[in-house]
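Here is the naming used below: chain letters follow the sequence lines, and residue numbers restart at 1 for every chain. Please read all numbers here as calculations on a predicted model, not as lab measurements.
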Protein chains: 2
Amino acid sequence: MVLDETDLQILRLLSKNARLTNKEIGERLNKTATPIFKRIKRLEDHGYIRGYVAVLDYDKLDRGLVAFTHVQIKDHSRVGLQDFLERVIAFDEVLECYQTSGEFDFILRIAARDIKSYQEFMINKLIDLVPLTSVKSTFVMREAKKE
Amino acid sequence: MVLDETDLQILRLLSKNARLTNKEIGERLNKTATPIFKRIKRLEDHGYIRGYVAVLDYDKLDRGLVAFTHVQIKDHSRVGLQDFLERVIAFDEVLECYQTSGEFDFILRIAARDIKSYQEFMINKLIDLVPLTSVKSTFVMREAKKE
DNA sequence: TCTGAAAGAGTCTGACA
DNA sequence: TGTCAGACTCTTTCAGA
């Protein structure tokens with residue numbers, strides 16, 4: 001499937017604000033709502049749009065501590081990596097999980113109430129999962145962009 | 001503002017799928033669409049919900065190379081940090097920007113077509129912004145969770 | 001805080017250029 | 001690919017419990 005400039009602009013708009021109506025998008029692209037609707041349907045069906053999510057303010061939700069946790073595990077076999085992945089994404093604290101190449105095997109985005117909860121997550125949940133080689137935490141002070 | 005269990009469940013559902021209708025959410029929580037509507041409005045007005053975005057598949061968009069770029073800058077004054085932040089979020093390649101504490105000053109989530117485009121971004125855009133102390137790139141092989 | 005009815009708005013389909 | 005009209009569905013408001 002080939003995307004034209006209109007498709008790309010639709011994706012650009014929706015990645016910033018998924019609540020735009022087809023009519024509003026159409027007005028910006030000089031079209032009516034119908035072709036916008038059809039194009040979005042096509043983009044969804046072909047997997048270009050994977051879904052729509054609400055962006056929450058974790059500060060207000062008493063989960064103001066957001067961290068990136070860089071994890072290196074001991075067992076690098078396919079089974080070992082898959083095992084860690086499946087078990088770690090089951091935790092509510094894990095907002096995102098990326099398998100990576102390079103120094104770390106996984107980067108996790110974590111939300112916890114405070115530093116104490118974060119440490120509890122580390123000690124009682126993360127560390128027990130599978131044998132780890134290293135864990136490095138970086139705390140987020142400000143989210144400046146998100147799309 | 002105090003959130004009850006119903007509010008939290010609404011947030012949980014919408015953070016995974018923002019396309020659920022008020023009626024569908026109501027059915028899961030044993031209520032009608034009206035109270036769900038009112039609660040969501042309240043959560044939006046009070047900033048618990050910051051917005052709604054489409055999740056795109058960057059693989060398919062020929063921006064399959066997603067990386068976390070860890071940046072340490074030379075000038076740690078408030079102005080220096082703010083300056084870098086404002087200029088870096090203007091780049092299309094920058095999907096997300098987090099100001100962090102610890103080893104790095106910023107973590108960027110970057111999307112590029114391939115390794116060559118990524119290097120071009122680094123050399124022609126990122127490096128020129130402000131004097132940097134270190135830049136470390138970690139490439140994403142798989143996104144296993146995102147909410 | 002909730003239900004249920006009703007108006008307003010958006011989505012989605014189909015005929016046609 | 002696109003416009004337009006109409007059916008359908010969801011959102012939103014309001015009266016009442």
Take atom [atom1] of [X] and atom [atom2] of [N], then tell me their distance rounded to the nearest Å.
X     : N      : atom1 : atom2 : result
A:I25 : D:dG2  : CD1   : C1'   : 17 Å
A:R39 : C:dT13 : CZ    : P     : 17 Å
A:L43 : D:dT1  : CG    : P     : 11 Å
A:I36 : C:dT11 : CD1   : P     : 11 Å
B:E44 : D:dT11 : CD    : P     : 11 Å
B:K31 : C:dG4  : NZ    : C1'   : 16 Å
B:F37 : D:dT11 : CZ    : C1'   : 6 Å
B:L29 : C:dT1  : CG    : C1'   : 14 Å

(request) Write down the atom of B:S15, the atom of A:L56, and the distance for their closest heavy-atom approach. (result) CB-CD1, 3.9 Å
(message) If you count heavy atoms of other groups shown closer than 6.0 angstrom to CG of A:N17, is the number above 12?
(response) yes
(message) Within a 6.0 Å radius of atom NZ on A:K41, are there more than 12 heavy atoms belonging to other residues, nucleotides or ligands?
(response) no
(message) Taking the ring centre of each residue, are B:F139 and B:Y118 less than 6.0 Å apart?
(response) yes
(message) Can you confirm if the aromatic rings of A:Y98 and A:F106 lie within a centre distance of less than 6.0 Å?
(response) no
(request) Check each residue of residues 2-23 of chain A for a non-hydrogen atom within less than 4.0 Å of any atom in DNA chain C, then write out the ones that pass by number, or none. (result) A:T21, A:N22
(request) Decide yes or no, distance alone: a donor-acceptor N/O pair under 3.5 angstrom between the base of D:dC4 and the side-chain of A:T34. (result) yes
(message) Looking at C:dT3, I'd like to know if its phosphate oxygens (OP1 or OP2) sit under 4.0 Å from a side-chain N or O belonging to B:T32.
(response) yes
(message) Tell me which one of B:R39, B:K38, B:R12 satisfies salt bridge (charged side-chain N to carboxylate O under 4.0 Å, His left out) with B:D7.
(response) B:R39
